[in-house]
> 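Below you'll find the structure I mean.
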Amino acid sequence: MESFVTELLTLLFAALRSATPVLAVVLGEAMTQRSGVINLGVEGQMLLGAMTGFAVASISGDPWLGVLAACGAGIALSMVHAILVLGCRANQIASGVAVLILGGGLSAYYGIPFVGNKIDTLGNLNHTFVSDIPLLGQFLGPITPTVLITLLAIPAISIFLFRTRTGLRWRSTGESQEITRNLGHSPVPYQLAAIAFGGLMSGFAGAALAVDYTANWVEGMTAGRGLVAVGLVIVARWNPWYALPAALLFGASEALNLKLQSWGVPISPYLLATLPYLIPLSVLMLSYRGLRASGGGMPAGLRVVFQSAR
Amino acid sequence: MTITTQPAVRFGLRLLRGPTGAVLIMAATFVLAALTFFAINGRESISLFQEMVMGAFGDGYSFSETLVKTAPILLTALAVALPARLGLISVGGEGQLYLGALFGTGAVLAAVDQPGWLLMPLMLMGAMAGGALWGVIPGLLKTRLGVNETISTLLLNYVGVLLVSFVVHGPWKNPNSLGWPATIEFPQGAILPQFFDTRVHMGLIFGVVAAIMLHILVTRSRWGLGLQVSRSNPRVGATAGISYERNVLIVMAIGGLLAGLAGIAEASVIQNRLQDGLASGYGMTGFLVAWLAGQHFLRIIPLSVLMGGLLASADSLQLYAQLPKASADILQALLFIIVLAVASLWPNRPKA
């Protein structure tokens with residue numbers, strides 16, 4: 001029994017670690033969508049963040065500098081989306097795909113010299129007071145700084161969004177740009193900030209993956225995590241608190257995939273690797289049933305985006 | 001005699017204010033952006049650009065390689081443009097392509113001893129079924145549950161690629177391939193016909209014929225009109241007996257089967273077997289081409305040739321100028337961004 005509990009807790013904390021990059025993107029994209037803008041480019045921003053973060057960490061020797069650079073890279077690339085969507089009124093899905101391809105291309109192109117490099121990691125909570133906590137210490141010890149930062153972002157975002165005046169306007173912009181305009185505010189600064197924040201979080205997510213979680217750079221290493229995150233935003237109902245369980249879905253499927261492989265379950269690792277896509281997709285299906293019935297908190301401005309599609 | 005009185009110039013100016021002007025500015029901006037990209041990376045931009053153009057259209061061989069790349073781009077672009085007629089944004093060309101290759105190869109392996117006249121149709125039908133399946137699933141999710149098709153198609157792409165990896169690493173792996181994950185070589189009867197001793201294959205013909213047929217169907221038939229009605233107002237369509245749900249499934253299935261054909265053509269002609277890394281990126285390129293063409297079936301044909309040229313020249317420059325493969329992605333993205341940006345400057349939105 002005790003070994004079962006240990007096993008389960010190990011799985012849960014492994015899920016938390018592998019969910020962190022996805023969680024960061026879900027949080028950022030939820031904020032972007034709350035302002036009425038959808039950005040599929042997060043996948044590309046995440047890749048560029050991962051590459052930049054790894055490259056800077058590798059050159060400077062300071063992984064924290066890498067994390068900062070990754071955030072900058074994410075913001076910079078998200079500005080392409082901002083210019084196309086806010087400046088040129090381009091279709092948001094098309095612009096997102098353009099950013100996705102650009103980020104993938106840039107990261108593959110400039111990442112070549114860094115493939116196979118070694119970097120210093122951000123460390124973890126082992127050998128701090130946390131790992132001395134009885135029973136839980138062994139699980140809390142391997143937690144890394146990006147996990148903590150991302151978890152702390154949840155209450156911060158929630159307070160901003162639901163407890164501040166700016167957060168209120170941010171949300172109202174997503175519901176109806178007209179309302180924001182009629183109140184004498186331009187929706188553009190809010191949407192610009194929302195896209196930039198999405199860029200920041202996806203760049204950070206890239207660093208969480210490349211600098212922290214794997215300490216490695218491989219072309220296309222995000223493998224759709226950004227796109228899974230866009231789907232999970234819907235599961236999370238655009239709510240930062242629900243983002244955690246939603247992202248844990250991905251993390252748990254990935255942890256389960258790795259766990260089953262290590263147990264030597266006679267299922268092909270390639271089939272098991274479909275779990276992190278199929279499980280979020282299945283939950284998305286369930287989630288849509290609720291969404292259809294209640295509206296489920298989708299920012300009304302997004303409905304326009306999805307329907308005026310083309 | 002001032003300049004404006006010359007009719008030729010006036011005609012030219014009027015043309016510039018219309019769609020032609022937009023296209024010219026898009027092209028010029030793209031060339032400038034490409035040259036800048038090369039220059040930033042310390043390349044002889046002008047000569048490299050010349051080599052790119054030559055690598056795509058310079059001689060018979062280059063052009064044939066361009067057409068080889070054109071086929072899958074054309075088919076996957078159609079797989080995007082047809083659902084777009086109903087207002088759907090499918091990004092699933094990649095996964096449908098892989099599923100087509102998977103099912104087509106399955107048919108080949110199951111009927112490997114059969115003569116060509118039987119094997120070939122079986123292979124093509126398998127491919128179409130596989131691609132259509134990967135189109136119908138997001139279609140069903142959309143109609144039954146309302147799941148956004150953009151997200152479901154994007155996620156299913158990854159699943160499709162993994163399923164192909166699964167069979168070539170596992171049950172369908174050729175035992176004599178010395179550990180290389182691939183199926184056995186396709187028998188002669190399962191190799192699509194090619195033309196003029198080049199690698200240009202039937203897939204291109206499928207694509208061109210499909211584009212023309214779809215154009216006629218959508219613009220001239222009752223069904224095409226129904227799509228328009230369904231798209232602008234499903235309720236009005238329903239009162240006229242046009243089922244939006246059924247149309248979603250139909251366009252997703254047809255789109256999927258076309259992308260599936262692209263997949264089996266790659267496996268059969270280009271690789272001669274099913275293996276990992278079958279055709280990475282054609283799905284995205286197809287999405288981009290469909291968008292550049294404004295989801296117009298006939299415009300997709302020349303644009304696919306141009307984009308095929310870009311990919312083919314990137315391949316040859318990878319060999320001769322050590323230009324990383326990713327530069328093709330960057331150039332595609334730049335082109336897409338420029339077109340989206342420039343199109344917004346024209347009031348009547350000439351394209352896209």
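Note on naming: letters A, B, ... go to the chains in the order of the sequence lines (proteins, then strands), and numbering restarts at 1 for each one.
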> Can you list the residues of residues 104-113 of chain A that sit under 4.5 Å from chain B, counting heavy atoms only?
A:Gly105, A:Leu106, A:Ala108, A:Tyr109, A:Tyr110, A:Ile112

> B:Glu245 vs B:Thr143, test: side chain to side chain donor-acceptor pair (under 3.5 Å). Steps then yes/no.
CA-CA 6 Å; B:Glu245 280 75 18; B:Thr143 54; over 6 Å; no

> Tell me if a side-chain donor or acceptor on A:Glu43 pairs with a main-chain N or O of A:Leu100 at a distance below 3.5 Å.
no

> Among A:Leu278, A:Leu271, A:Leu227, A:Thr274, which has the most heavy-atom pairs under 4.5 Å with chain B?
A:Leu271

> At a 4.5 Å cut-off on heavy atoms, which part of B:Leu141 comes close to chain A: side chain, backbone, both, or neither?
side chain

> With a 4.0 Å cut-off on N to O distance, would you call A:Lys259 and A:Glu254 a salt bridge?
no

> Answer yes or no: is there a donor N or O on one side and an acceptor on the other, between the side chain of B:Thr150 and the main chain of B:Ile89, under 3.5 Å?
yes

> Give a yes or no answer on whether the side chain of B:Arg85 reaches the backbone of B:Gln295 with a donor-acceptor pair at less than 3.5 Å.
yes

> Which answer fits A:Leu40, side chain, backbone, both or neither, if we ask what part of it has an atom under 4.5 Å from a heavy atom of chain B?
side chain

> Could you walk me through whether A:Met201 and A:Val25 satisfy the side chain to side chain contact (heavy atoms under 4.5 Å, CB included) test, starting with their C-alpha distance in whole Å, then the side-chain angles of each, then the deciding distance to 0.1 Å, before giving a yes or no?
CA-CA 6 Å; A:Met201 291 304 277; A:Val25 181; over 6 Å; no

> Could you tell me which portion of A:Val80 (side chain, backbone, both or neither) has an atom closer than 4.5 angstrom to a non-hydrogen atom of chain B?
side chain

> With a sphere of 6.0 Å drawn around CD of A:Glu219, does it hold more than 12 non-hydrogen atoms of other residues, nucleotides or ligands?
no

> Can you tell me if A:Glu29 uses its side chain to pair, donor with acceptor, with the backbone of A:Val230 under 3.5 Å?
no

> Quick check on B:Leu335 against chain A: is it the side chain, the backbone, both or neither that has a heavy atom closer than 4.5 Å?
neither

> Hey, which of B:Ser165, B:Gly281, B:Ser152 has the most heavy atom pairs under 4.5 Å with chain A?
B:Ser165

> Please work out whether the ring planes of B:Tyr158 and A:Tyr277 are parallel, tilted or perpendicular, with thresholds of 30° and 60°.
parallel

> Would you say B:Leu78 and B:Leu82 make side-chain contact, with heavy atoms under 4.5 Å?
no

> Under a 4.5 Å cutoff for heavy-atom pairs, which residue among B:Ser327, B:Pro171, B:Ala328 has the most contacts with chain A?
B:Ser327

> For B:Leu156, is it the side chain, the backbone, both or neither that has a heavy atom under 4.5 Å from a heavy atom of chain A?
side chain

